[in-house]
Amino acid sequence: METGEQNRPQRKYLISKGIDGFFASIHHVSLFVLRFFKELFSAPVEFRETIRQCYIVGVKSLPLISITGLITGVVFTLQFRPVMVEFGAEGWIPATVAVAVIRALAPLVTSLICSGKVGSSFGAELGAMRVTDQIDAMEVSAVNPYKFLVVSRVLATTFMVPALTIYFGLLCGLGSYFQVHQADQTSFPMFISGFFEKIDFIDYASAIFRALVYGFTLGMVGCYQGYFTKQGTEGVGRAANKAVVISNFLLFIEEVLIVSGISILRSFM
Amino acid sequence: MKKTGNIHNEDIVISIRGLRKSFSMPVLRGIDLDLYNGENLVVLGRSGTGKSVLIKIISGLLTPDSGTVMVLGEDISKLSKKEMDELRLKIGFSFQNSALYDSMTVRENLEFPLRHHDKNLSFKSRLQLIEETLDSVGMLPSINQMPVELSGGQKKRVGIARTLIMRPKIMLYDEPTAGLDPITSVEIIELINEVQKNYKTSSIIITHDLTCAKATGDRLMMLIDGKIAAQGSFDEVFKSQNEQIKSFYDYNFVQ
């Protein structure tokens, strides 16, 4: 019978192997990210593919973002109304919705939707290309697959997620207006002036900055998982799944870090 | 359907010396190989003997552990990325599963390398070149189809056309008849011979199909356990008294 004493060297070996693997994977990911910046500023530019990816990421996500934005605005206003009415502050509903949406919800919710829709499709698409040798086929025909597949996709998410965030915010506002107008017969100009009353430059800038960072992250994670897919079709499914799980996890970590940073910045202003 | 007469001259287009490659265990254990200009060299062997690894090293997809690989007079280990890409344009690689870009039509698959490497070509000349190349492999009617709509044999033909469009000097075929029915296999075999004749290519054909080996090979090379066990004409290789070569022959149907 094996004792704990006998198992100790094996446990030590597994722990050290795990630590080695962790640092090796960080090194691998860092190289992948650094390569993006290197390839970004070298010729040729895959302009056509980048535009195609912008269309896929941006335009094709519009229906989902529209529905989610409108519903979020309506539901958020509905949930807030009783509390505001209790304090006699229903006139503050537009400003409250705006602060919540622009400071918090819009970049995060848009990125989470894109991570599920776009990040997973990057993982699956590139994964399928890897296991069917399409990436190798590009390499042997002297086309840089990283530049064609990864740079174009990451650029698309980096620029399209902020655009979708703005759109999401506007739709949220519209949803909120429908609810406020139905309950209080508030006019549209009055709603708009209340909506933008408490929003300052830092709110807009931080929302766009966060959306840029989240877009870059979800694009990078999706492409990384797909680009290095192994083990056939099972690996493709795993790549799509990991793309969503890891990018969502990273988005929340980034949210905490960036929001903390912005709070510190605000305290100096 | 036996191929007769060597058409090559003495110019060596690929020269490999002492090539070794290991993954978790040794795969290639000291390969020496010469491919002559205009020659079809068939590399035979069981699965896992390193046949595909050999052509992946030649095309620069894998790097060898040791040994030298000279392609068209260039030592590939000493080439920069740009020089390697220039060399790759002279090498066509036909993948086992064709590796067609499945989000693109047949025309776009052929257009893809042209768009990246021949930017001065007008739309009209590009289309003409695509049509000519597709016609040469008998796939012109499928020009606007998606890869998913093609059969296995058709995909192979388009895959070969996509490599031919850059007019390569060397063709590397990885298991060209794998997974095809006998009639389609014969069609692909004929296509390989036509490519050699019409495009004046030198080729390495990786296969374990003896019908394909006999019909396409000017010279054969048998790999066993990562080493060359025999080489020569079809008859010379299979006259060998090596038990593994004999059993390889016995388990194959040869016309």
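Predicted, not measured: the structure shown is a model, and the values here were computed from it. Labels below follow one simple rule: chain letters A, B, ... track the order of the sequence lines, proteins then strands, and each chain is numbered from 1.
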Quick one, Glu255(A) with Arg210(A), criterion salt bridge (charged side-chain N to carboxylate O under 4.0 Å, His left out). Give me CA distance, side-chain angles, the key distance, then yes/no. CA-CA 8 Å; Glu255(A) 174 80 356; Arg210(A) 279 152 65 209; 3.0 Å; yes
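- Remark: the Asn40(B) side chain and the Ser203(B) side chain contain an N/O donor-acceptor pair separated by less than 3.5 Å.
- Taking OH of Tyr199(B) as the reference point, atom OG1 of Thr163(B) lies at 9.5 Å (rounded to 0.5 Å).
- Within residues 143-165 of chain A, the residues approaching chain B closer than 4.5 Å by heavy atoms are, in numerical order, Val143(A), Phe148(A).
- When each of Arg162(B), His117(B), Met166(B) is scored by its heavy-atom pairs under 4.5 Å with chain A, the top score falls to His117(B).
- Atom NZ of Lys82(B) has 12 or fewer neighbouring heavy atoms from other residues, nucleotides or ligands inside a 6.0 Å radius.
- When Gln96(B), Lys81(B), Arg88(B) are compared by the number of non-hydrogen pairs under 4.5 Å with chain A, Arg88(B) comes out ahead.
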Between Glu49(A) and Arg52(A), is the salt bridge (charged side-chain N to carboxylate O under 4.0 Å, His left out) condition met? List the steps. CA-CA 5 Å; Glu49(A) 180 62 9; Arg52(A) 196 177 80 89; 3.1 Å; yes
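- Interface remark: of the candidates Ala128(A), Ala137(A), Pro44(A), Ala137(A) forms the most heavy-atom pairs closer than 4.5 Å to chain B.
- Heavy atoms of Leu100(B) lying under 4.5 Å from chain A belong exclusively to its backbone.
- Cation-pi check for Lys17(A) over Tyr13(A) is not met; the charged atom does not lie both under 6.0 angstrom from the ring centroid and within 45 degrees of its normal.
- Aromatic rings of Phe32(A) and His28(A) (six-membered ring for Trp) have centroids beyond the 6.0 Å cut-off, not under it.
- Only the side chain of Phe95(B) comes within less than 4.5 Å of a heavy atom of chain A; its backbone N, CA, C and O stay farther away.
- By the neighbour-count criterion of 12 heavy atoms within 6.0 Å, atom CD of Glu131(B) is densely surrounded, having more than that number from other residues, nucleotides or ligands.
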